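Indexing begins at 1, ligand by ligand and atom by atom, following the structure's order. Please read these numbers as outputs of a predicted model, since none were measured by experiment. Quick note: numbers below take in every heavy atom, side chains included, and nothing from hydrogens, waters or symmetry partners.
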Amino acid sequence: MSVPNYEEMLKKARKELPESVIFAERFEIPKAKGHLEGNKTIVSNFGHIAKDLRRPVNHMFKYILKELATPGVMRDLNTAVFGTKVSATRINEKIEQYTRTFVICSECGKPDTQIAKEGNVTNLKCSACGAKKPIKSKI
Ligand SMILES: [Zn+2]
């Protein structure tokens with residue numbers, strides 16, 4: 001009787017994984033529409049992006065401001081004003097990063113998650129697969 005080695009077992013296990021696990025559903029991350037006003041960068045659809053991601057706009061805005069190390073204010077519910085010139089590419093990169101950290105489930109790759117506080121721990125809970133992952137609550 002031959003004992004399968006680890007490599008073979010791994011190969012076999014991978015073969016048996018359903019495709020959906022390997023190719024996690026691709027979630028389209030909304031793109032920021034930005035333009036410059038003097039030295040400021042205006043993103044006119046910021047509120048809509050947060051809505052698409054089902055996250056509070058201020059949470060996403062605070063995270064992105066910190067990541068870009070720039071000051072900023074929300075002009076209205078939908079319009080974000082960054083205090084410096086920032087390229088749309090960079091803003092989109094940060095939105096993507098935010099989405100990966102606070103929206104997409106790390107287990108199944110789906111965006112059906114919510115942020116839930118349990119005692120001192122803040123978790124990202126997935127409604128699709130039930131996974132729970134602690135995330136930083138303070139931005
Ligand atoms: Zn999941």
*asked:* At a cut-off of 2.8 Å, what protein N/O/S atoms sit near the Zn ion (ligand 1)?
replied: Cys105 SG, Cys108 SG, Cys126 SG, Cys129 SG
*Between Phe61 and Phe82, does the ring centroid distance fall short of 6.0 Å?*
yes
*asked:* Using the salt bridge (charged side-chain N to carboxylate O under 4.0 Å, His left out) criterion, which residues pair with Glu37? Sequence neighbours excluded.
replied: Arg75
_Can you confirm whether more than 12 heavy atoms, excluding those of Ile135, are under 6.0 Å from its CD1 atom?_
yes
*Where Lys94 and Tyr63 come nearest, the two heavy atoms and their spacing*: O-CE2, 4.0 Å
*Sidechain-backbone polar pair: Asn39 side chain, Lys85 backbone, donor-acceptor under 3.5 Å*: no
*Above 12 or not: heavy atoms from other molecules or residues under 6.0 Å from NE2 of His48?*
no
